[in-house]
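A quick note: this is a predicted structure, and the numbers were derived from the prediction, not measured.
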Amino acid sequence: MSHINKLDRKIVVGILTVSDTRTVETDKGGALVREYLRDADVEIFESGSVIVKDDAEEIRRAIDNILGSVDAIITTGGTGIAKRDITIEAVSPYFHKEIEGFGEIFRMLSFTEDIGSRSILSRAAAGTTDNNRVIIALPGSSGAVKLAMERLVVPELAHIVSELNK
């Protein structure tokens, strides 16, 4: 990671895939998040690596089950504008402080490097919770996960967690 982890321990992250159709075998986004985190020497909270339906209560229940055991939760899926895309509505009540720059820069990078004007449909977001955790909500496509993990999450996760633990 680009910033020194100032904690005396590994950062622990839970991964939550939001999808009505993905299975463990077809969850490419969640698998990519795990791969990038392992390469960055981040501990993955395995019992917090789950797939839930596009249902606000299921998403919140999964977050509630792991939030106290991790430094961060990364979600994939459900960040678009379709009727079933409700991840942002489910996670935003947890945000004590939204990290507006995350979504802004993700959409800018998506626009310039990947998908052009369709990037306006992404509602990718991040925020900190009142108990000093960070939740990062990524789109579910492999390309979006790769872009976010390479350009934003891996370079800044240790810095974010360190700031929250000052």
Side-chain angles (χ1 to χ4, degrees), residues 1-18 27-50 52 59-60 62-80 87-115 119-120 122-166:
M1 296 198 171
S2 66
H3 293 280
I4 296 170
N5 180 1
K6 296 176 184 171
L7 303 175
D8 292 335
R9 57 176 174 75
K10 280 190 175 186
I11 293 169
V12 181
V13 177
I15 303 165
L16 178 62
T17 298
V18 179
D27 179 21
K28 292 179 184 175
L32 272 173
V33 171
R34 280 188 290 282
E35 180 182 320
Y36 278 100
L37 293 176
R38 283 188 184 115
D39 289 348
D41 199 30
V42 172
E43 184 177 331
I44 298 165
F45 186 66
E46 289 301 339
S47 61
S49 189
V50 296
V52 297
I59 295 167
R60 288 184 191 117
I63 290 171
D64 290 342
N65 284 338
I66 62 173
L67 193 57
S69 302
V70 298
D71 297 298
I73 295 175
I74 298 175
T75 71
T76 64
T79 62
T87 299
I88 301 307
E89 289 75 13
V91 303
S92 61
Y94 289 92
F95 291 172
H96 177 68
K97 294 182 180 180
E98 186 171 356
I99 305 172
E100 290 92 351
F102 179 87
E104 294 165 355
I105 293 172
F106 175 79
R107 284 180 285 281
M108 187 265 313
L109 291 170
S110 294
F111 178 81
T112 59
E113 297 182 16
D114 191 21
I115 64 170
S119 64
I120 67 170
S122 172
R123 298 184 304 139
T128 64
T129 68
D130 59 4
N131 62 342
N132 297 324
R133 307 302 197 264
V134 63
I135 299 175
I136 301 170
L138 306 178
S141 77
S142 297
V145 169
K146 183 176 189 276
L147 178 69
M149 293 302 292
E150 287 179 1
R151 300 292 303 275
L152 299 171
V153 178
V154 170
E156 290 303 321
L157 185 61
H159 184 216
I160 293 167
V161 173
S162 292
E163 286 293 309
L164 290 172
N165 285 279
K166 280 185 169 179

Trainee: Does Arg107 pair with Glu100 as a salt bridge, N-O distance under 4.0 Å?
Mentor: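 No.
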Trainee: Sequence neighbours left out, what passes side-chain hydrogen bond (donor to acceptor under 3.5 Å, both in side chains) with Glu104? Give chain and number order.
Mentor: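 Glu104 satisfies side-chain hydrogen bond (donor to acceptor under 3.5 Å, both in side chains) with no other residue.
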Trainee: Quick one: CD on Glu35 to NZ on Lys146, what's the gap to the nearest 0.5 Å?
Mentor: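 Separation between the atoms: 10.0 Å.
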Trainee: Just wondering, more than 12 heavy atoms not from Phe95 lying within 6.0 Å of its CZ?
Mentor: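 Yes, CZ of Phe95 has more than 12 neighbouring heavy atoms, counting only those of other groups under 6.0 Å.
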Trainee: Could you grab the distance from atom CG of Leu147 to atom CG of Leu152, nearest 0.5 Å is fine?
Mentor: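 Atom-to-atom, Leu147:CG and Leu152:CG are 7.0 Å apart.
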Trainee: When Ile135 is tested against each of Thr129, Leu16, Ile74 for side-chain contact (heavy atoms from CB on, under 4.5 Å), which residue passes?
Mentor: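 Among the candidates, only Thr129 passes.
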Trainee: Kindly compute the distance separating CZ (Arg123) from CD (Glu89), expressed to the nearest 0.5 Å.
Mentor: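 Output value for this atom pair is 4.0 Å.
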Trainee: Quick check: do Val145 and Val33 have side-chain heavy atoms less than 4.5 Å from each other?
Mentor: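 Yes - at least one pair of side-chain heavy atoms lies under 4.5 Å apart.
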Trainee: Would a 4.5 Å heavy-atom cut-off, applied to side chains only, mark Asp71 and Arg9 as touching?
Mentor: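 Yes; the side chains approach each other to less than 4.5 Å.
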Trainee: Between Gly30 and Thr17, which heavy-atom pair has the shortest distance, and what is it?
Mentor: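 What the structure gives for the nearest pair is CA-OG1, 3.8 Å.
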Trainee: How many angstroms lie between atom CD1 of Ile63 and atom CD1 of Ile73, to the nearest 0.5 angstrom?
Mentor: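 Output value for this atom pair is 5.0 Å.
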Trainee: Can you measure from CD1 (Ile88) to OG (Ser122) and round to the nearest 0.5 angstrom?
Mentor: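 If I round to the nearest 0.5 Å, the distance is 7.5 Å.
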Trainee: Return the CD1 to NZ distance between Ile44 and Lys10, rounded to the nearest 0.5 Å.
Mentor: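 It is 9.5 Å, given to the nearest 0.5 Å.
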Trainee: Checking Tyr94 side chain against Arg60 main chain: does a donor-acceptor pair fall under 3.5 Å?
Mentor: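 A pair under 3.5 Å: yes.
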Trainee: Do Val153 and Phe102 have side chains that approach each other closer than 4.5 Å (heavy atoms only, starting at C-beta)?
Mentor: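 Counting from C-beta outward, Val153 and Phe102 do come under 4.5 Å.
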Trainee: What closest approach, in Å, do Val12 and Ser69 show between heavy atoms, and which atom pair accounts for it?
Mentor: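 So the two residues come closest at CG1-O, 3.8 Å.
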Trainee: Do you know the tightest heavy-atom contact between Met149 and Pro155?
Mentor: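 Heavy atoms only, the tightest pair is O-CD, 3.6 Å.
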Trainee: Which atom pair, heavy atoms only, marks the closest approach of Ile11 to Val13?
Mentor: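 Closest approach of Ile11 to Val13, heavy atoms only: CG2-CG2, 4.0 Å.
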Trainee: For Thr87 and Ala137, work out which heavy atoms get closest and say how close.
Mentor: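 It is CG2-CB, 4.2 Å.
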